[in-house]
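Everything below concerns the one structure shown next.
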Amino acid sequence: MKRQQVLEKIDTSWNEFVMAYADLSDTQLTQPGVTGDWSVKDLIAHVSWWEEESLKHLPLILKGLPTPRYSVLYGGIDAFNAQMTELKRNTSLSEVLKEAAATHQKLIEYLSSIPDEQFTSETRFRRRLGYDSFKHYPIHTAAILAWRENQM
């Protein structure tokens, strides 16, 4: 796989994620129950903070440095997600949408500066990127689409 292929995978899965909620009303976007008690807004914030984590950790990976362990810092990924959910819970919908778009754009711009060899094989860099992006978005796209189906 080459950089362009990775970027296309990110772009395709990101666009599918955005299209899953693009035509929902503000009321629908903030209605709990899409995944547990999370709303679509919460899922958007969730995806965005994992992209932020990528932007923090990918440079460390490139330098060959260890990345902070969620189990040590937060008690695990679920605890980190719970903490971030509470942190973002009172953020307005418009701010969540704005932050998500800006963070995604920063990630794409960052990836344009990375050496091609990081994309050509299953490197630690590409693995982390996948978990935080093109392998992550479809999970939440599917949840939103399933929730929408149940709303009809």
Plane angle bin for [Y] and [X] - parallel if under 30°, tilted between 30 and 60°, otherwise perpendicular:
{"X": "F80", "Y": "W50", "value": "perpendicular"}
{"X": "H46", "Y": "W38", "value": "tilted"}
{"X": "H136", "Y": "H140", "value": "perpendicular"}

Roughly how far, to the nearest 0.5 Å, is [atom2] of [Y] from [atom1] of [X]?
{"X": "L7", "Y": "S112", "atom1": "CG", "atom2": "OG", "value": "6.0 Å"}
{"X": "L43", "Y": "F17", "atom1": "CG", "atom2": "CZ", "value": "6.0 Å"}
{"X": "Q28", "Y": "I144", "atom1": "CD", "atom2": "CD1", "value": "11.5 Å"}
{"X": "T123", "Y": "I61", "atom1": "OG1", "atom2": "CD1", "value": "8.5 Å"}
{"X": "E109", "Y": "H104", "atom1": "CD", "atom2": "NE2", "value": "10.5 Å"}
{"X": "I77", "Y": "E53", "atom1": "CD1", "atom2": "CD", "value": "9.5 Å"}

Should [X] and [Y] count as an ion pair when the cut-off is N to O under 4.0 Å?
{"X": "D23", "Y": "R148", "value": "yes"}
{"X": "E52", "Y": "K106", "value": "no"}
{"X": "D42", "Y": "R89", "value": "yes"}

Inset, instruction - Would you indicate whether K135, at its atom NZ, is surrounded by more than 12 heavy atoms from other residues, nucleotides or ligands within a distance under 6.0 Å? - result: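 More than 12 heavy atoms, drawn from other residues, nucleotides or ligands, come within 6.0 Å of this atom.
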Min side-chain heavy-atom separation [X]-[Y] under 4.5 Å:
{"X": "R3", "Y": "Q118", "result": "no"}
{"X": "D11", "Y": "F134", "result": "no"}
{"X": "W147", "Y": "T35", "result": "no"}
{"X": "I44", "Y": "W49", "result": "no"}
{"X": "M84", "Y": "N81", "result": "no"}
{"X": "L111", "Y": "V6", "result": "no"}

Kindly work out whether a path of hydrophobic side-chain contacts (I/L/V/M/F/W/Y, heavy atoms less than 4.5 Å apart) joins [X] to [Y].
{"X": "M19", "Y": "L24", "answer": "no"}
{"X": "L73", "Y": "L58", "answer": "yes"}
{"X": "L129", "Y": "L60", "answer": "no"}
{"X": "W14", "Y": "L145", "answer": "no"}

Could you check whether any side-chain N or O of [X] sits under 3.5 Å from a backbone N or O of [Y], counting only pairs where one atom can act as donor and the other as acceptor?
{"X": "R128", "Y": "H57", "result": "no"}
{"X": "R124", "Y": "L62", "result": "no"}
{"X": "S48", "Y": "A45", "result": "no"}
{"X": "R126", "Y": "F119", "result": "yes"}
{"X": "Q5", "Y": "K2", "result": "yes"}
{"X": "T141", "Y": "Y137", "result": "yes"}
{"X": "D37", "Y": "G33", "result": "no"}

Legend entry - A143 to V34 - nearest heavy-atom pair and separation: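 Scanning both residues completely, I find the closest heavy atoms to be O-CG1, 3.9 Å.
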Legend entry - Smallest separation among heavy atoms of T30 and K41, with atom names: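 It is CG2-CD, 4.1 Å.
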Legend entry - side chain to side chain contact (heavy atoms under 4.5 Å, CB included) evaluation trace for S39 with L29: CA-CA 6 Å; S39 65; L29 289 168; over 6 Å; no
Legend entry - Donor + acceptor pair across side chains of Q105, Y110 (<3.5 Å):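 Side-chain D/A pair, Q105 to Y110: absent.
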